[in-house]
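What follows is a short report on a single structure.
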Amino acid sequence: MKFDPAVDKRLLIALSGIIWSVVGIILGNLAVGWLWTARAQNSLWFGLTGIILALIIHHFGFLKLVDKNIARILAKKGKVCIFGFQPWKSYLIIVIMVGMGITLRHSSLPKHYLSIIYIGFGGAMLLSSLRYYRIFFKLIVNP
């Protein structure tokens with residue numbers, strides 16, 4: 001018996017956006033918590049630097065990835081495996097990035113510096129998730 005949890009492409013695109021949003025919010029929440037304990041003046045600069053990094057990562061990196069994922073999902077015929085929101089080889093990259101995040105969080109690197117990276121990646125993921133939602137709503141209106 002083959003396990004194939006298939007879902008409608010529209011649902012998969014919505015789930016992709018939700019996953020990207022949730023991860024982005026988690027990373028941002030960690031960073032804000034770290035900045036909350038830092039000196040107020042430095043927190044503003046670290047936060048602004050993270051936001052600038054988020055805009056750069058979003059525009060030059062994640063949008064291309066999201067567009068590829070959406071195109072791949074929409075090109076499939078019929079229902080799509082629920083794990084198909086990323087290509088299978090991307091799961092290795094995700095595992096490596098999660099491992100790096102855990103390692104950095106438990107390192108001696110001061111958390112206010114680490115907050116820049118977390119705001120950068122978390123913000124970029126949150127911004128990029130909007131593309132999934134836009135496509136989802138477009139598909140709902142014009143199936």
Side-chain angles (χ1 to χ4, degrees), residues 3-76 78-143:
F3 177 69
D4 187 19
V7 296
D8 183 77
K9 291 186 259 190
R10 293 175 295 190
L11 179 59
L12 187 57
I13 288 174
L15 287 172
S16 301
I18 291 167
I19 290 170
W20 279 61
S21 293
V22 167
V23 172
I25 289 168
I26 290 169
L27 293 174
N29 190 42
L30 284 168
V32 168
W34 295 330
L35 289 179
W36 194 260
T37 60
R39 290 192 337 218
Q41 183 181 7
N42 289 342
S43 294
L44 178 64
W45 291 114
F46 289 124
L48 288 174
T49 304
I51 290 170
I52 292 167
L53 181 61
L55 293 170
I56 292 168
I57 294 170
H58 163 69
H59 184 73
F60 293 106
F62 284 175
L63 274 184
K64 293 173 189 165
L65 180 62
V66 168
D67 286 342
K68 281 183 187 179
N69 288 340
I70 290 170
R72 192 187 69 262
I73 291 168
L74 293 177
K76 297 198 182 269
K79 293 189 176 205
V80 183
C81 176
I82 198 164
F83 301 109
F85 69 92
Q86 296 279 355
W88 287 108
K89 64 182 178 182
S90 290
Y91 283 102
L92 177 61
I93 294 168
I94 292 168
V95 168
I96 291 169
M97 289 184 75
V98 167
M100 286 173 47
I102 292 168
T103 302
L104 284 172
R105 247 190 350 261
H106 291 87
S107 73
S108 61
L109 186 68
K111 298 298 187 251
H112 52 278
Y113 290 116
L114 189 56
S115 69
I116 295 170
I117 297 167
Y118 273 62
I119 290 172
F121 279 94
M125 290 187 80
L126 194 55
L127 286 171
S128 299
S129 71
L130 297 176
R131 179 74 55 104
Y132 284 113
Y133 300 134
R134 187 183 69 163
I135 298 300
F136 170 73
F137 288 116
K138 217 183 230 186
L139 292 171
I140 293 298
V141 172
N142 298 318

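Contact check for Leu130 versus Arg134: no side-chain heavy atoms found under the 4.5 Å cut-off. Looking at Leu35 and Leu44, their side chains never come closer than 4.5 Å, going by heavy atoms from C-beta outward. Between Arg131 and Asp67 there is a side-chain heavy-atom pair separated by less than 4.5 Å. Ile119 is not listed as a side-chain neighbour of Leu53, based on a closest heavy-atom distance of 4.5 Å or more. When side chains are defined from C-beta on, Ile135 does not count as touching Val66, because their heavy atoms never get closer than 4.5 Å.
With respect to Arg10, the side-chain contact (heavy atoms from CB on, under 4.5 Å) criterion is satisfied by exactly one of Leu15, Leu74, Ile73, Leu139: Leu139.
Under a 3.5 Å cut-off, the side chain of His106 and the backbone N or O of Ile102 do form a donor-acceptor pair. Judged by distance alone, with hydrogens and angles left aside, the side-chain atoms of Ser128 form no donor-acceptor pair with the main-chain N or O of Met125 at under 3.5 Å. Of the possible donor and acceptor atoms, one in the side chain of Lys111 sits under 3.5 Å from a partner among the backbone N and O of Arg105.
Below 30°, between 30° and 60°, or above 60°: for Trp34 and Tyr118 the angle between ring planes is above 60°, a perpendicular geometry. A perpendicular orientation is assigned to the rings of Phe62 and Trp20, their planes being inclined by more than 60° (bins at 30° and 60°).
The distance from the CD1 atom of Ile140 to the NZ atom of Lys138 is 13.5 Å, given to the nearest 0.5 Å. Note: His58 NE2 to Ser129 OG = 9.5 Å, rounded to the nearest 0.5 Å. Going from atom CG of Leu27 over to atom OG of Ser115 covers 12.0 Å, rounded to the nearest 0.5 Å. Rounding to the nearest 0.5 angstrom, the gap separating the CD1 atom in Ile57 from the CD1 atom in Ile52 is 12.0 Å. Taken to the nearest 0.5 Å, the CD1 atom of Ile116 stands 5.0 Å off from the OG1 atom of Thr49. One distance of note links OH of Tyr132 with CD1 of Ile18; it measures 12.0 Å at 0.5 Å rounding.
For the residue pair Tyr133/Ser21, the side-chain donor-acceptor check at 3.5 Å is satisfied.
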- Message: Applying side-chain contact (heavy atoms from CB on, under 4.5 Å) to Asn69 and Ile13, what does each step give before you reach the verdict?
- Response: CA-CA 9 Å; Asn69 288 340; Ile13 288 174; over 6 Å; no
- Task: Please lay out, stage by stage, how Lys79 and Asp8 fare under the test salt bridge (Lys or Arg N to Asp or Glu O under 4.0 Å).
- Result: CA-CA 5 Å; Lys79 293 189 176 205; Asp8 183 77; over 6 Å; no
- Message: The test is side-chain contact (heavy atoms from CB on, under 4.5 Å); show your working for Ile117 and Leu114 and say whether it passes.
- Response: CA-CA 5 Å; Ile117 297 167; Leu114 189 56; 4.2 Å; yes
